K.L.:
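What follows is a structure written as C-alpha cells; I'll ask about it next.
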Amino acid sequence: MRYIKQVDGRIIEYSGRTMRPAYYRENGWLGYTGHLPLGRLDIVDGAVVERPAPEPPPRVFSKLAILEELEKIGLRTLFEGAVAASEHAWRWAAANEINEDYEGVSELLDRLRPAIRQSGADPDELLDRCVIGGAL
C-alpha cells in the first residue's frame, strides 16, 4: 500500500517509516494500491483517481529510411510519383524528416499502404523501422 496526498497542488507520496493506519488517515494521507507514477494520479473529492495515459507524441520519420524501405520492396518510384503529384510535394522536398502529423504526409502514406501490403510487407512495421531514434 502506498500513501499519497495533495500538497500545494502537487501529489506526493509518504516516504517515512511505516505507521498505524490511523496515522495516515489523521494526517490526510490516502491509501493507493496501484502502480502508476505520481504524475498519473490525482485526488478528487477525497479519493485517489488514476488519470489516463497521455497521448504518445507523433512519430518522426527519416525520409531517407522511408525511401530505403520502399526501395527494398520495389515501391520507391511509385511513392516518389505520388509525392510529385501531391499538392504537398513542397513539404516533402523541404523537410529533412517527416512528422506523421504534417499536413498531407499521412494522406500520402495512407495511399501507399495497399501497395505495401500487396508487396507482402506490413505498412506499420515498415514505418516503425523509419522512426528517428528507432531501429533504423
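None of these values were measured; they are calculated from a predicted model.
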K.L.:
What pair of heavy atoms forms the shortest contact from L38 to I11, and how long is it?
P.N.:
CD1-O, 3.9 Å

K.L.:
Less than 4.5 Å apart, any side-chain heavy atom of R2 and any of V48?
P.N.:
no

K.L.:
As a test of understanding, state which of L108, I116, D110 forms a side chain to side chain contact (heavy atoms under 4.5 Å, CB included) with L112.
P.N.:
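So, applying the side chain to side chain contact (heavy atoms under 4.5 Å, CB included) to L112 and each of L108, I116, D110, only I116 qualifies.
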
K.L.:
Are M1 and P21 side-chain neighbours, meaning at least one heavy-atom pair lies under 4.5 Å?
P.N.:
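Side chain of M1 against side chain of P21, heavy atoms only: no contact under 4.5 Å found.
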
K.L.:
Under 4.0 Å between a Lys/Arg side-chain N and an Asp/Glu carboxylate O for E107 and R111?
P.N.:
no

K.L.:
Can you confirm whether I98 sits close enough to L109 that some side-chain heavy atom of one is under 4.5 Å from a side-chain heavy atom of the other?
P.N.:
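No - every pair of side-chain heavy atoms lies 4.5 Å or more apart.
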
K.L.:
Enter the distance from Q118:CD to L75:CG here, rounded to the nearest 0.5 Å.
P.N.:
9.0 Å

K.L.:
CD1 of I73 to CG of L78: how many Å apart, nearest 0.5 Å?
P.N.:
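One finds 10.0 Å between CD1 of I73 and CG of L78.
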
K.L.:
If Ile, Leu, Val, Met, Phe, Trp and Tyr residues are connected whenever their side-chain heavy atoms lie under 4.5 Å apart, and connections chain through other members, are V83 and L64 in the same group?
P.N.:
no

K.L.:
Should Y23 and Y3 count as side-chain neighbours, where that means a heavy-atom distance under 4.5 Å?
P.N.:
no

K.L.:
Less than 4.5 Å apart, side chain to side chain, heavy atoms only: is that true for Y24 and M19?
P.N.:
yes

K.L.:
Verify salt bridge (Lys or Arg N to Asp or Glu O under 4.0 Å) between R59 and D101, making sure each step is shown before the conclusion.
P.N.:
CA-CA 8 Å; R59 296 177 295 176; D101 283 354; over 6 Å; no

K.L.:
Between R129 and E69, does any NZ, NE, NH1 or NH2 come within less than 4.0 Å of an OD or OE carboxylate oxygen?
P.N.:
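Here E69 pairs with R129 in a salt bridge, since their nearest N and O are under 4.0 Å apart.
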
K.L.:
With rounding to the nearest 0.5 Å, note down the distance linking CD1 in I66 to CG in L127.
P.N.:
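Taking CD1 in I66 and CG in L127, the distance rounds to 6.0 Å.
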
K.L.:
So which heavy atom on Y32 is nearest to which on E50, and how close?
P.N.:
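Result for this residue pair: OH-OE2, 2.6 Å.
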
K.L.:
What distance separates L67 CG from F61 CZ, expressed to the nearest 0.5 Å?
P.N.:
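Answer rounded to 0.5 Å: 13.0 Å.
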
K.L.:
Quick one: pull up NZ in K63 and SG in C130 and give me the separation to the nearest 0.5 Å.
P.N.:
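The NZ atom of K63 sits 13.0 Å away from the SG atom of C130.
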
K.L.:
At what distance, to the nearest 0.5 angstrom, does CD of E100 lie from OH of Y102?
P.N.:
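If we round to the nearest 0.5 Å, E100:CD and Y102:OH are 11.5 Å apart.
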
K.L.:
Mind checking whether F79 and W92 have parallel, tilted or perpendicular rings, split at 30° and 60°?
P.N.:
perpendicular

K.L.:
Look at the side chain of K5 and the backbone N and O of Y14, then say whether any donor-acceptor pair between them is shorter than 3.5 Å.
P.N.:
no

K.L.:
Only one of L30, L41, V44, D42 passes side chain to side chain contact (heavy atoms under 4.5 Å, CB included) with Q6; say which it is.
P.N.:
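Of all the options given, the one that passes is D42.
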
K.L.:
Should V131 and L126 be regarded as members of a common hydrophobic cluster, given that ILVMFWY residues are connected when their side-chain heavy atoms come within less than 4.5 Å of each other, either directly or indirectly?
P.N.:
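Same cluster.
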
